2 protein chains.
Amino acid sequence: MLTIGELSRATGVKIPTIRYYEQMGLMAAAERSGGNQRRYEPQDRDRLSFIKHARDLGFTIEAIRELLELSAHPERPCADADTIAIRQLQIVRNKIAKLRPLEKELERIAACCHGDSIRDCYVLQSLANHDMCVSEH
Amino acid sequence: MLTIGELSRATGVKIPTIRYYEQMGLMAAAERSGGNQRRYEPQDRDRLSFIKHARDLGFTIEAIRELLELSAHPERPCADADTIAIRQLQIVRNKIAKLRPLEKELERIAACCHGDSIRDCYVLQSLANHDMCVSEH
DNA sequence: ATCTTTTTCTCCAGCTACTATAGCTATTAT
DNA sequence: ATAATAGCTATAGTAGCTGGAGAAAAAGAT
């Protein structure tokens with residue numbers, strides 16, 4: 001049996017976050033000690049590690065809930081889990097695709113400022129004037 | 001003079017967002033019509049466009065506040081604005097740097113699942129077992 | 001002038017995924 | 001027995017909006 005602090009150290013998930021996951025229904029309500037403190041089984045640690053790993057990969061709570069649902073039904077087809085992973089991959093790729101033009105634009109804006117005073121600051125001019133941008137965003 | 005709807009259409013910023021910016025002090029409290037509706041001057045449109053452009057580039061409200069502060073003082077050195085832009089570039093680069101390993105990991109997880117049922121689903125196994133990951137994240 | 005439609009007003013709640021505080025109690029170590 | 005550490009609940013706050021309710025104003029049609 002683990003205390004919430006031990007579970008936290010074992011998984012790298014902060015204590016308030018563990019309680020939050022319980023509230024959100026990702027973790028089952030833990031058993032309690034005589035003094036009303038949460039006590040966990042080893043399998044709770046596995047489940048929480050799964051959640052942490054998925055969160056680190058950017059899956060939403062909702063998506064994780066679905067994945068956990070699926071893993072509770074070993075006979076179901078694997079395709080559903082695959083779909084969720086592919087969806088997440090799309091989300092991550094979209095984010096990267098949006099950030100890359102921003103990076104380029106900021107490089108340009110930040111690198112080119114050779115003015116001395118705000119009056120002719122390239123950064124501020126660029127922000128004021130969208131036409132100066134080299135790409136869409 | 002523009003109504004809030006016209007300003008919204010002119011800049012692509014939604015009406016509640018314009019009111020929110022006013023609340024946050026990014027936009028000055030607008031003049032009002034006899035019937036208490038907001039009326040804007042052309043320079044308000046420029047300011048809001050500036051804000052929108054900066055938001056699109058991922059600057060926080062706080063950073064935008066600083067940039068607007070700076071642009072109100074044309075005699076100050078340009079370096080301050082440059083610093084803010086460079087900081088934002090760092091933030092964007094960090095985000096990309098974090099997302100790329102996730103992309104790789106998700107590609108691997110999503111592509112390799114050849115099992116039929118959840119029992120031997122590669123997606124779920126990978127999430128359960130961090131050791132299967134090829135990179136840190 | 002009246003009627004209808006559209007726009008705007010304020011206030012407040014909700015979103016994601018936590019994080020932090022306050023005030024209290026339980027457990028553990030000495 | 002006492003002190004230190006760890007845990008409890010409940011509530012509010014974070015960023016940056018977004019949406020809804022209910023009322024009032026403005027604009028267009030007759």
Side-chain angles (χ1 to χ4, degrees), chain A residues 1-27 29-40 44 48 50-68 87-88 91-92 94-95 98-99 102, chain B residues 1-27 29-40 44 48 50-68 84 87-88 91-92 94-95 98-99 102 137:
Chain A
M1 295 291 258
L2 300 156
T3 66
I4 198 168
E6 289 163 347
L7 183 63
S8 170
R9 279 187 294 278
T11 57
V13 178
K14 286 181 188 149
I15 291 172
T17 306
I18 297 174
R19 292 197 275 247
Y20 170 74
Y21 288 161
E22 180 180 315
Q23 223 185 310
M24 293 297 102
L26 282 193
M27 296 292 287
E31 283 180 66
R32 298 297 179 117
S33 73
N36 198 36
Q37 299 192 350
R38 290 171 179 81
R39 291 298 124 96
Y40 294 93
D44 293 324
L48 187 54
F50 180 100
I51 294 169
K52 167 139 175 65
H53 194 184
R55 281 297 299 136
D56 286 347
L57 286 166
F59 286 88
T60 63
I61 299 284
E62 228 0 78
I64 295 170
R65 204 193 303 282
E66 291 176 52
L67 289 169
L68 288 166
R87 198 176 62 200
Q88 179 58 20
I91 290 169
V92 169
N94 271 345
K95 282 189 187 169
K98 277 185 186 159
L99 286 169
L102 299 196
Chain B
M1 295 290 258
L2 298 156
T3 67
I4 197 169
E6 289 162 347
L7 182 64
S8 171
R9 278 187 294 277
T11 57
V13 178
K14 287 184 187 148
I15 290 171
T17 306
I18 297 173
R19 291 198 275 245
Y20 170 74
Y21 289 160
E22 179 180 315
Q23 223 184 312
M24 291 300 100
L26 283 194
M27 295 291 289
E31 283 181 65
R32 298 299 179 115
S33 72
N36 198 36
Q37 299 192 350
R38 289 171 179 80
R39 292 297 125 95
Y40 294 93
D44 293 324
L48 187 54
F50 180 100
I51 294 168
K52 167 139 176 67
H53 194 185
R55 282 295 302 135
D56 286 347
L57 286 167
F59 287 89
T60 63
I61 299 285
E62 227 2 77
I64 295 170
R65 206 192 302 281
E66 291 175 52
L67 288 169
L68 288 167
I84 296 171
R87 199 174 65 200
Q88 179 58 20
I91 289 169
V92 169
N94 272 345
K95 282 189 187 169
K98 276 185 186 157
L99 285 169
L102 300 197
H137 53 257

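Keep in mind that what you see is a predicted model, and the values were worked out from it rather than measured. Every chain is numbered from 1, with letters handed out A, B, ... down the list of sequences.
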Asks: Any chance CD of B:Glu31 has more than 12 other-residue heavy atoms, nucleotides or ligands included, within less than 6.0 Å?
Replies: no
Asks: Restricting to non-hydrogen atoms, name the atom on B:Lys52 and the atom on B:Val13 that form the minimum distance, rounded to 0.1 Å.
Replies: CD-CG2, 3.5 Å
Asks: To the nearest Å, give me how far apart CD1 (A:Ile18) and P (C:dC18) are.
Replies: 12 Å
Asks: Identify which nucleotide among C:dC9, D:dG7, C:dA17 has an atom closest to any side-chain atom of A:Ile61, counting heavy atoms from C-beta outward.
Replies: C:dA17
Asks: Return the value, rounded to whole Å, for the distance between atom CD1 of A:Ile4 and atom P of C:dT19.
Replies: 14 Å
Asks: Salt bridge between B:Arg9 and B:Glu6, side-chain N to carboxylate O under 4.0 Å?
Replies: no
Asks: Taking OP1 and OP2 of D:dG7, is either one under 4.0 Å from a side-chain nitrogen or oxygen of A:Ser33?
Replies: no
Asks: Can you tell me if B:Arg19 touches the phosphate of C:dC9, counting only side-chain N or O atoms and a distance under 4.0 Å to OP1 or OP2?
Replies: yes
Asks: Picking from D:dT9, C:dC18, D:dG16, which would you name as closest to the side chain of B:Thr60?
Replies: D:dG16
Asks: A:Leu2 CG to D:dA6 P: how many Å, rounded?
Replies: 15 Å
Asks: Starting from P on C:dT6, measure out to CD1 on B:Ile15 and report it in whole angstrom.
Replies: 14 Å
Asks: Strictly distance-based, threshold 3.5 Å: is any side-chain N or O of B:Arg65 a donor or acceptor partner for the main-chain N or O of B:Met24?
Replies: yes
Asks: Tell me which nucleotide among C:dT7, C:dC18, D:dC8 gets nearest to the side chain of B:Gln37.
Replies: C:dT7
